[in-house]
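Report on the structure given below.
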Amino acid sequence: MDNLRKIIEPSLESALTDIGVTGDFWKKALGTSREKAQGDLSLPCFPFAKQLGRNPAEIAEQLASSLSGDFEVAAAGGYLNFKAKSEWLAQNVMSMDLTPGNTSVLIEHTSANPNGPFHVGRARNAILGDTLVRLNRLYGNQVRAEYYVDDMGKQVGVLAWALANLSKEQVDGILNDADNINPRWAGKKDHETVRWYQAAQSIRSNEGAEDIETAIGKLVHASEHGDDVVLAQFEQAYKPVLDGMLETLSRLGIEFDTFTKESEFVVNGTVSALMERLESLEIHGVADNGAHFLDLGQRGLKGKTDFFYRRGDGSSLYATRDIAYHMWKWQQCDNLINILGEDHKLQAKQVGMTLTELGEKVPDVMFYAFIKLPEGKMSTRKGNVVFMDDLLEEAKAHAASVVRELRSDLDEGKINSIAEAVGVSAVRFNIVKVSPEKGFTFRWEEALSFEGESAPFVMYSHTRACSIARKVGRAANFDSSGEIPSAMHELLRVMSCYSDKLGQSVNENKPHIFALYMLELATAYNSFYRDCHVIKDGTVSEFNFAVSEKARVLLNQGMIGVGITPLESM
RNA sequence: GGACACGUGGCCCAGCUGGAUAAGGCGGUGGCCUCCUAAGCCACAGAUCGCGGGUUCGAAUCCUGCCGUGUCCGCCA
């Protein structure tokens, strides 16, 4: 509660000076109270006891009696507890600045190899990244969402080779019928084309596949040297797959502003220029076969210290291109954020250290742990996957059955649109609500849970507020005042934390903080809804309506921020 | 083997720049729809914060050793 903190700190500072406390270390100690009943902010007085050689409880008592303002103060067991006065809180909430952000941010997320459909594991990146994009926008920052397209190298090379050399019959023959395409996704290019990739991977591992390996190697080599004919062939191969993947993301409400191709930095010469620069660094080294590396051990990297950026044949590596890409990205914005799986930690460290060595800034990176299934790791090859397309269908179907049961008054068209919104929102929220570094086991029952800590819980509170607004049928008058029972005070208190939480979520790149805040907001609204009726016996309580409306707006905005579709009725 | 994460009630998870009886949800038990949508609300039960040391007035939080899980340790991407 930064707003409350702002009015407490000045008077607290002078009170502390009066009793002989020096320094401002206490500002850090002034924190959110653990129990709501105790207050909003609390200050432990134990550190002062040491400095002043007095009893902490006594100090707290003395401070409490000398402070006053738009807050209540009480001393308890060596703590000083502050609580905002309800009227001040109401006033404050009605006039909050909701968009203090003013930096330009480039967020690169997803950037998945365009070789097959999304499974829920790969989608964690997209959902976290897009949520960060939305939260930054909600905060007022200028955001560009970018997809880095891996359009060269082995993976695309394999796909391109397969499409050029294998017929549909050959592919079907190579792959077992067991992992045949789900008829539901027949015609969706990512699901169809991945079979060529899988078939190629399968024969590559067979005996006597040396000539295939040579052919693929030639393609890859050409792409890495910027051969435009081969790059065009690659693009033709991956483009339909990427389109299929983007279709899935679009259904999730995820869109990108820009797509940047990896090959760009090879073709335009920035990669070779970069390699020349790296060669002049003092930690530079050359291996026996002419490959170049940086000895990052000299800069404190533990474990494997040689970071290779150039092969013996003079071509670049993925990480090298990534460095060139980062240098270009820094020209586009004030702040850079990357969303990466935890498997990229070392790589990101190497790229970051090299950027530092070059005098460049290091990007913020949000790492996330993998999503696994109860049966273990997700693997397309072993058939142990849940495709995002299937999850969305299941979620929607489940939502539809719930709506049908609860709302017999609705027609199928309306049920369909509600179910789509609920399904997509629930899937996203299920992923954003947990902190990214936590390993995550996907369970159908959790993904399809529409109660408790879920998107529909928040959506439901919002529709209640919408329902009230609809019944009143006009705008609220924010100038009124009235009685403030505890449920309303609590709602006001939670609302006043909106900007703090959003700011924290954005500045620390932690979407789950704001997602969990939305649950708090919805919970507080539900209590308010129960105790503070807006419409009583046909008459409207203007003050209650104003508070309800403010909550409705915050719910609506916050939901968009975490990727929940704000329905007006469900 | 080395590096980096994670380990909190039966299950999931917050808290981790040290502070008061460890916050929610699921599941369990018991209540609440002549009252603005019960996808909701209320109550109860349930926790050696992985284990052992250390620092501190105070440790889930910091340090250290161990155990368990995950990831990485390619002139792959």
Side-chain angles (χ1 to χ4, degrees), chain A residues 28-29 31-36 38 42-47 49-50 56 76-79 81 113 150 152-157 220 262 287-293 301-306 308-313 315-319 321-322 341-347 349 367 369-370 372 377 399 402-403 405-407 422 426 430 433-435 437-441 443 445-446 449-461 463-472 512-513 516 519-520 522-523 526-527 529-538 540 544-545 548 569-570:
Chain A
K28 230 174 42 179
T32 323
S33 307
R34 187 179 287 225
E35 289 289 324
K36 281 178 286 195
Q38 291 160 346
S42 297
L43 180 72
C45 296
F46 305 96
K50 197 162 207 173
Y79 287 82
N81 294 322
N113 281 319
D150 188 2
M152 54 190 293
K154 200 69 142 258
Q155 304 229 22
V156 207
V220 172
E262 190 182 339
D288 296 342
N289 69 344
H292 293 218
F293 64 88
L301 185 68
K302 294 184 211 165
K304 201 221 174 217
T305 55
D306 289 348
F308 282 87
Y309 66 86
R310 181 182 153 145
R311 293 197 186 93
D313 71 356
S315 63
S316 62
L317 285 110
Y318 176 83
R321 290 168 234 140
D322 202 24
E342 59 180 346
D343 56 334
H344 282 69
K345 274 187 178 173
L346 175 60
Q347 171 89 219
K349 183 85 185 156
F367 292 105
F370 294 127
K372 59 176 194 284
K377 243 193 240 181
V402 173
V403 181
E405 196 179 312
L406 263 31
R407 297 290 302 272
V422 167
N430 188 237
K433 74 176 177 182
V434 316
S435 64
E437 70 271 19
K438 214 89 168 188
F440 190 105
T441 302
R443 291 190 178 86
E445 44 171 332
E446 286 168 16
S449 163
F450 296 162
E451 294 167 7
E453 293 176 334
S454 69
F457 177 89
V458 180
M459 296 171 85
Y460 193 69
S461 295
T463 59
R464 281 174 151 179
C466 287
S467 173
I468 290 171
R470 213 180 304 125
K471 281 202 160 67
V472 175
H512 75 279
I513 289 179
L516 296 176
L519 291 171
E520 255 188 85
T523 301
N526 286 342
S527 300
Y529 179 87
R530 181 196 63 213
D531 293 349
C532 311
H533 281 217
V534 170
I535 303 165
K536 268 173 283 192
D537 306 322
V540 174
N544 289 5
F545 184 44
S548 178
S569 167
M570 64 188 279

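Any value given below was found using the heavy atoms of this structure, including those in side chains, with hydrogens, waters and symmetry copies removed. Keep in mind it's a predicted model, so treat the numbers as computed, not measured.
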Remember a base hit wins even if backbone is also touched, and classify [X] as base, sugar-phosphate or nothing at under 4.0 Å, heavy atoms.
X      : result
A:P47  : base
A:A29  : nothing
A:L516 : sugar-phosphate
A:M459 : nothing
A:V472 : nothing
A:S42  : base
A:S449 : nothing

As a test of reading the structure: which of [options] is closest to the side chain of [X], going by heavy atoms?
X      : options             : value
A:K438 : B:C12, B:A14, B:G40 : B:A14
A:R464 : B:A39, B:A20, B:A38 : B:A38
A:V534 : B:A3, B:C36, B:C41  : B:C36
A:F46  : B:A20, B:C57, B:C41 : B:C57
A:E451 : B:G40, B:C6, B:C36  : B:G40
A:S527 : B:G24, B:U8, B:C42  : B:C42
A:K471 : B:C36, B:C41, B:G7  : B:C36

- Establish, yes or no, whether the cationic atom of A:K345 lies under 6.0 Å from the six-membered ring centre of A:F367 and within 45° of the ring axis.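 Geometry flag: set, cation within 6.0 Å and 45°.
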
- Whole-Å distance between B:G25 P and A:R443 CZ?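 Result: 20 Å.
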
- Report the secondary structure of RNA chain B in dot-bracket form, marking unpaired bases with a dot and bases paired to a different strand with |, and treating Watson-Crick or G-U pairs with both distances under 3.5 Å as paired. (((((((..(((......[....))).(((((.......))))).....(((((..]....))))))))))))....

- Query: If the sugar-phosphate is the primed atoms plus P, OP1 and OP2 and the base is the rest, what is the B/S/- string for nucleotides 66-77 of chain B, using protein heavy atoms under 4.0 Å?
  - Reply: ----SSSSSBSB

- Are the side chain of A:N544 and the backbone N or O of A:H533 linked by a donor-acceptor pair below 3.5 Å?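 Indeed, once roles are kept as given, a pair shorter than 3.5 Å links the two residues.
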
- Item | B:U21 and B:G58, which share atom name C1', separated by this distance in whole Å | 15 Å

- Item | Spacing of CG belonging to A:D322 relative to OG belonging to A:S316, to within rounding of 0.5 Å | 11.0 Å

